[in-house]
Amino acid sequence: MAGTKTEKIRQQELRQPDTFQKVGADARDWLIQRQKFIGIAVAVVILGGIGVAIASEVSKRGEVEASQALGQALAILDRPVEGVQPAQPGDTETPFKSLKERDEALVTALTEFRKAHGGTRSATTAALSLGEAQFRLGRFADAQTSFGEYLKGAAQNDPLRAGALEGQGYALEAEKKFDEATKAFEQMGAAGGGEFLAGMGDYHKGRMLIAQDKKEEAAAVLSKVSTDHANTTAARLSSERLAVLASQGVKIPAPAPAPAAVTDAG
């Protein structure tokens with residue numbers, strides 16, 4: 001009976017969203033909030049240059065205004081939420097009654113912002129937070145569109161691209177579009193994202209294989225994550241999934257040996 005109970009708990013845990021998903025969303029919101037200050041500083045320096053063409057000046061002024069407006073829209077994330085994020089001394093705004101109410105307000109604010117400041121870098125940036133909020137509200141098709149808008153407008157070397165691909169993958173997964181979700185997750189590695197997202201694309205690919213009952217293939221993918229991305233969040237999560245697969249009788253491949261260190265002959 002104990003074994004059956006443990007297995008039920010493990011299965012329930014696997015159906016829950018990963019802690020990483022929430023942490024990743026929080027980190028992206030943090031980066032986006034700070035990005036507005038960077039955008040303002042850069043734009044001010046550019047506007048202060050002598051001999052800037054009038055057309056360019058107008059364009060840059062629009063970017064500054066958009067950055068400031070985005071900051072105001074994202075200030076919603078700082079408002080307290082009853083039972084979740086208590087009000088602090090000095091807070092003057094009425095707390096949201098729930099996280100859902102906060103996300104609905106955020107979606108409204110960011111949607112209006114993007115309409116008013118379309119074509120700016122800030123409008124592209126806002127699409128990422130918009131997609132996150134839509135996903136949390138269960139508006140998965142809208143979230144896919146928003147993440148797609150961000151990916152279309154963001155620079156190829158933008159460090160937040162990997163997060164947008166992950167969000168897109170989650171939104172597709174929620175609609176059980178596992179093949180499409182896998183394609184989004186697979187692009188995360190090439191998009192970078194730093195150590196925080198290292199190996200997460202392969203981890204998610206393993207999850208999608210499990211969701212499609214391709215457990216042996218999943219075990220092979222997840223085992224490789226631990227070798228290729230040791231000591232990362234992806235490696236830890238992969239090990240947890242592998243433990244559940246092993247309890248179900250799935251044969252887990254032996255870990256591949258670590259690459260041999262290259263010795264400098266000189």
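Contact detail for Ala123 and Gly118: the closest heavy-atom pair is CB-CA, 4.2 Å. Contact record, Ile76 with Ala105: CD1-O, 3.6 Å, taken as the closest heavy-atom pair. Across all their heavy atoms, Ala162 and Leu197 have their closest contact at CB-CD1, 3.5 Å.
Taking the ring centroids of Tyr203 and His229, they lie at or beyond the 6.0 Å cut-off.
The salt bridge (charged side-chain N to carboxylate O under 4.0 Å, His left out) test applied to Glu180 returns no partner, not counting sequence neighbours. For Phe96, the ring-ring contact (aromatic ring centres under 6.0 Å, His included) test picks out no residue, with sequence neighbours left out.
Contact of the Arg102 side chain with the Arg79 side chain is not registered, since no non-hydrogen atoms from C-beta on lie closer than 4.5 Å. Residues Val107 and Arg139 are in side-chain contact: their nearest non-hydrogen atoms beyond the backbone lie under 4.5 Å apart. Put simply, the side chain of Glu65 does not reach to within 4.5 Å of the side chain of Thr120, judged on heavy atoms. Taking 4.5 Å as the limit, some side-chain heavy atom of Leu222 sits within range of a side-chain heavy atom of Leu245. The side-chain heavy atoms of Leu106 and Arg136, taken from C-beta on, include a pair separated by under 4.5 Å. Side chains of Phe113 and Ser122 form a contact here, defined as non-hydrogen atoms less than 4.5 Å apart.
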*Before giving the answer on salt bridge (charged side-chain N to carboxylate O under 4.0 Å, His left out), spell out for Lys205 and Glu186 the whole-Å C-alpha distance, their side-chain angles and the decisive distance to 0.1 Å.*
CA-CA 7 Å; Lys205 180 179 179 180; Glu186 286 178 335; 3.3 Å; yes
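Side-chain polar atoms of Ser238 and Ser226 form no donor-acceptor pair below 3.5 angstrom. Between Gln134 and Gln144, the side chains place no donor N or O within less than 3.5 Å of an acceptor N or O (distance only, hydrogens not considered).
Taking the six-membered ring where tryptophan is involved, the planes of Phe185 and Tyr170 are perpendicular, since the angle between them exceeds 60° and thus also 30°.
No donor-acceptor distance shorter than 3.5 angstrom exists from the side chain of Glu132 to the backbone of Leu128, with no hydrogens or angles considered.
Every pair tested for side chain to side chain donor-acceptor pair (under 3.5 Å) that includes a residue from residues 107-119 fails, sequence neighbours excluded, so the list is empty.
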